[in-house]
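Notes follow once the structure below has been shown.
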Amino acid sequence: MSEENTSAESGQAPSKTAKKRLALALQTLGEQLVALTEKQLANIPIDDERLLEAITQARTMRSHSAKRRHLQLIGKLMRDIDADPIRFALDNMYEKKREETARFHRSEKLRDDVLAAGPEGVELIMQRWPSADRQQLRQLLRQHAKETTTGKPPAASRKLFQIIRDLADSPD
């Protein structure tokens with residue numbers, strides 16, 4: 001059981017350590033907000049104008065010590081608001097990013113498996129997506145083999161990857 005729960009259950013005020021831990025967590029959350037792009041920040045539910053202004057100012061600072069002090073100010077401002085909606089929005093944003101990265105890696109792995117299997121690799125794609133263009137896939141595998149032997153750039157490999165990503169993103 002954490003110190004916060006123990007002190008809350010007993011009716012006592014949170015300990016100095018618990019307060020410091022919370023302040024550091026809010027400051028870290030503020031650092032994450034400063035690192036976001038304008039577009040990403042617009043998707044975060046921040047109602048406090050002072051906090052938004054402080055985040056904007058922190059982005060322009062170049063001095064390390066000034067930025068550190070300003071991040072402490074952001075942490076202090078965040079103590080006055082409910083940070084849970086902000087945490088929830090950041091978690092959703094990061095989860096979407098993780099899903100996109102995982103999908104990208106799965107497509108890369110499938111492409112590598114198809115290329116390693118040679119002509120039989122077409123069946124790996126056809127099993128998942130029967131509507132895929134078998135002839136185009138075979139053509140790309142032959143082109144990849146030629147590129148590999150002649151030392152040309154892997155254009156066929158890139159095209160195959162794009163086809164796999166398009167197939168994975170399609171609703172079929």
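The figures that follow rest on heavy atoms only: side chains count, while hydrogens, waters and symmetry mates do not.
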If you compare all heavy atoms of [X] against all heavy atoms of [Y], which two are closest, and at what distance to 0.1 Å?
| X | Y | value |
| --- | --- | --- |
| W129 | L167 | NE1-O, 3.3 Å |
| L71 | Q27 | O-CG, 3.5 Å |
| I125 | A132 | CG2-CB, 4.1 Å |
| P14 | K19 | O-CE, 3.6 Å |
| I74 | G30 | CG2-CA, 3.7 Å |
| L26 | A83 | CD2-CB, 3.7 Å |

Straight-line distance of [X] [atom1] to [Y] [atom2], nearest 0.5 Å:
| X | Y | atom1 | atom2 | result |
| --- | --- | --- | --- | --- |
| K159 | Q136 | NZ | CD | 5.5 Å |
| M126 | D133 | CE | CG | 8.0 Å |
| T149 | H144 | OG1 | NE2 | 9.5 Å |
| N92 | N43 | CG | CG | 11.0 Å |
| I86 | I46 | CD1 | CD1 | 4.5 Å |
| L160 | S107 | CG | OG | 10.0 Å |

Salt-bridge test for [X] and [Y]: reply yes if a basic N is under 4.0 Å from a carboxylate O, no otherwise.
| X | Y | answer |
| --- | --- | --- |
| R134 | E123 | yes |
| D91 | R87 | no |
| E100 | R103 | no |

Can E53 and Q57 be said to form a side-chain contact (heavy atoms from CB on, under 4.5 Å), step by step? CA-CA 6 Å; E53 185 179 326; Q57 287 174 350; 3.3 Å; yes
Take E99 and K96, measure what salt bridge (Lys or Arg N to Asp or Glu O under 4.0 Å) needs, and give me the verdict at the end. CA-CA 5 Å; E99 287 172 8; K96 287 178 186 176; over 6 Å; no
Hey, does the side chain of [X] reach the backbone of [Y] with a donor-acceptor pair shorter than 3.5 angstrom?
| X | Y | value |
| --- | --- | --- |
| Q32 | L90 | no |
| E147 | A155 | yes |
| R59 | V34 | yes |

Around Y94, counting heavy atoms of other residues, nucleotides and ligands shown, do more than 12 lie under 6.0 Å from its OH? yes
Does Q135 CD have over 12 foreign heavy atoms under 6.0 Å away? no
Pair Q143, L140 - check side-chain contact (heavy atoms from CB on, under 4.5 Å), show working. CA-CA 5 Å; Q143 184 181 344; L140 286 172; 3.9 Å; yes
Do [X] and [Y] have side chains that approach each other closer than 4.5 Å (heavy atoms only, starting at C-beta)?
| X | Y | answer |
| --- | --- | --- |
| R21 | L24 | no |
| R106 | K109 | no |
| R79 | K76 | yes |
| K20 | K16 | no |

Evaluate H105 against E108 for side-chain contact (heavy atoms from CB on, under 4.5 Å), listing each step before the verdict. CA-CA 5 Å; H105 289 303; E108 275 185 331; 3.4 Å; yes
According to a hydrophobic-cluster definition based on side-chain heavy atoms being under 4.5 Å apart (Ile, Leu, Val, Met, Phe, Trp, Tyr only), do [X] and [Y] belong together?
| X | Y | result |
| --- | --- | --- |
| M61 | L33 | no |
| I44 | M78 | yes |
| F161 | V114 | no |

If we check side-chain contact (heavy atoms from CB on, under 4.5 Å) with L137, which of these qualifies: L124, V122, I164? V122
